[in-house]
Every structure is written in C-alpha cells, then in structure tokens.
Trainee: 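Have a look at this one.
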Amino acid sequence: LTSHPHKGMSGVQPHSYFPHIPWVRFQKPCTRERQTVVIKTAFHKSFFDVFKIVFKNSNLTRTNRNFRFFQIFTAALQSFSHGTNDAQKSMGIITLALIVGNLQDGSNVEPQVWVKVACATAMGLGTAVGGWKIIKTVGGNIMKIRPANGAAADISSALTIFVASSLHFPLSTTHVVSSSILGVGASNRAKGVKWSTAQRMVVTWVITLPISAILAAIIYFVIHLFLK
C-alpha cells in the first residue's frame, strides 16, 4: 500500500468514497480550530501577564477578595459571549433542517422563537444535570484557580469569543475557556498546570469528530430504513 500527503492509503482521496461531501469546506474550520488553540493559549497568557503587572503592588488577599465579587460580572460577560457564538450553532443546525424539510422559508434564516427557547432550555438543563463534571475538570483539574485567575480567564475568553463572532468565525466556548485557563496557568506558574489533563482534553477534542460522524451516519442509516 502506498500513501500520498494529500491522499489516503493506496493514493485514494476521501472524496472518492463520499463524493457528495464538500471536504474542503469541512477541513478549513478543523484546521483553523487546531491552529487557534495555540494562539488562544498564548493570548490568554499575555492577558494575565498584564493583570500581574497592573496589580503587582496590591495586597494578594484583598485583591482576591475583590476579584471574587468582580468575577460575578466577568462570568456573566462570558455567558453572554457564549450566546453570541457557540449557542448559535445548535439553532443554525435546527433551522437548516427546517428549511431542508420545507418547514421554514429558505429566504428567512432567522431561527424561530421555539427553536431559541428549545436550545436555551436544553443547554440550561444539560449544564444543570451533567455539566458539573466539565466544570470540575476545567475549574479545578487543570490548575488551582484563584479569583484573579478566574476573572482574567473570563475576560480574555469573552474578548476572544466576541472578536470571533464579529468575524463570523464559529468556535467552541469550551475550547476557548480551557485555553484561557491554560494560558493563565502558564503565566502564573507553568509547573502548576496539570498538562496531563490538558493532553487528555485535546485527545478528546480530536476523537469527538470521527465518533460524532460515525454515530450520525448510523442514526441516519437506521432512520432511512424506516422511511423507505
């Protein structure tokens, strides 16, 4: 068997098996997401470096106490930024399905009210029921986060998401927040970051793509059998 850098095994390109899939459009966001993980981590590290310079002469205990209250507003800001980008993707997919199924006019791509309510409810319930494991991993298993660290991570994450939203660039809030905590931790003390946890998270991000694709294909195949 032979391989080619732009082809699969035996020189066969992926679109030879799935010619109807626009692979170029699929590869672009994946490539950009891989590249921006490093960029985001470096940006968040630089952002916390500025924090340390500004508050270097402040009392540590008093500063963390003040940041504990300030973080309420920074967390709210991050939640709002999440709604401008990541939360829109679910609404967009449902709206696309409605348009394809002739249940919504194709000239109007605005998500219907019930779609917005359904997505907001699902995200809220998902966070309340199963989100604590993610919160525990991101909030405690990467590094020991103090209020000042959390506030810096919140602000830099929100800024990153706002800029991406203005450029119409979809991204994952989880990736941004995780990168911000890695950057803050690296700026504070690189040895204090549990890089093994970060490595497992990156591996999970990578394998999520093929697993989701395979599950979607299986579900579609089963549904298609009943709709014949």
Trainee: Please report the interatomic distance NZ(Lys194) to CE(Met201), rounded to the nearest 0.5 Å.
Mentor: 12.5 Å
Trainee: Quick one: does any side-chain atom of Gln104 pair with a main-chain N or O of Pro111 as donor and acceptor, under 3.5 Å?
Mentor: no
Trainee: Do any N or O atoms from the side chain of Ser178 and from the backbone of His175 form a donor-acceptor pair under 3.5 angstrom?
Mentor: no
Trainee: Given the rule that I, L, V, M, F, W and Y join up when any side-chain heavy atoms are under 4.5 Å apart, are Ile211 and Val203 in one cluster?
Mentor: yes
Trainee: Working to the nearest 0.5 Å, report the span between CG of Asp154 and CD1 of Ile181.
Mentor: 8.5 Å
Trainee: Locate the shortest heavy-atom distance separating Ala158 from Leu77; write the atom from each residue and the value.
Mentor: CB-CG, 3.8 Å
Trainee: Between Gln78 (side chain only) and Ile155 (backbone N and O only), is there a donor and an acceptor less than 3.5 Å apart?
Mentor: no
Trainee: Please answer: with hydrophobic residues joined when any side-chain heavy atoms are less than 4.5 Å apart, are Ile161 and Phe169 in the same cluster?
Mentor: yes
Trainee: Got a second to check how far Cys119's SG is from Ile93's CD1, nearest 0.5 Å?
Mentor: 9.0 Å
Trainee: Test of understanding: with ring pair (Phe, Tyr, Trp, His ring centres under 6.0 Å), list the residues that count as partners of Tyr220, not counting sequence neighbours.
Mentor: His224
Trainee: Step by step, would you call Trp195 with Leu182 a side chain to side chain contact (heavy atoms under 4.5 Å, CB included)?
Mentor: CA-CA 9 Å; Trp195 296 104; Leu182 287 173; 3.9 Å; yes
Trainee: Measure across Val109 and Thr95 and return the closest heavy-atom pair with its distance rounded to 0.1 Å.
Mentor: O-CG2, 3.8 Å
Trainee: Could you walk me through whether Gln71 and Arg146 pass side chain to side chain contact (heavy atoms under 4.5 Å, CB included), step by step?
Mentor: CA-CA 10 Å; Gln71 197 175 3; Arg146 300 184 184 276; over 6 Å; no
Trainee: Please find the pair of heavy atoms, one from Thr204 and one from Thr208, that lie closest to each other, and give the distance.
Mentor: O-OG1, 2.5 Å
Trainee: So, for Ala164 and Leu171, which heavy atoms are closest and what is the spacing to 0.1 Å?
Mentor: CB-CD2, 3.3 Å
Trainee: After noting the C-alpha distance and the side-chain angles of Ser90 and Met123, does the key distance pass the side chain to side chain contact (heavy atoms under 4.5 Å, CB included) rule?
Mentor: CA-CA 10 Å; Ser90 300; Met123 286 189 172; 3.9 Å; yes
Trainee: Output the distance between atom CD1 (Ile72) and atom OG1 (Thr74), rounded to the nearest 0.5 Å.
Mentor: 9.0 Å
Trainee: Could you state the interatomic distance from CG (Asp105) to CG (Leu98), rounded to the nearest 0.5 Å?
Mentor: 12.0 Å
Trainee: Identify whether Val115 and Leu103 are in the same connected component of the hydrophobic contact network (ILVMFWY, side-chain heavy atoms under 4.5 Å).
Mentor: yes
Trainee: Is it the case that the side chain of Ser212 and the backbone of Leu209 share a donor-acceptor pair, with hydrogens and angles ignored and the cut-off at 3.5 Å?
Mentor: no
Trainee: Look up atom CE in Met91 and atom CD in Glu110, then write down how far apart they are to the nearest 0.5 Å.
Mentor: 9.5 Å
Trainee: Ignoring hydrogens, what is the shortest heavy-atom contact between Asn85 and Pro170? Give both atom names and the distance.
Mentor: OD1-CA, 3.5 Å
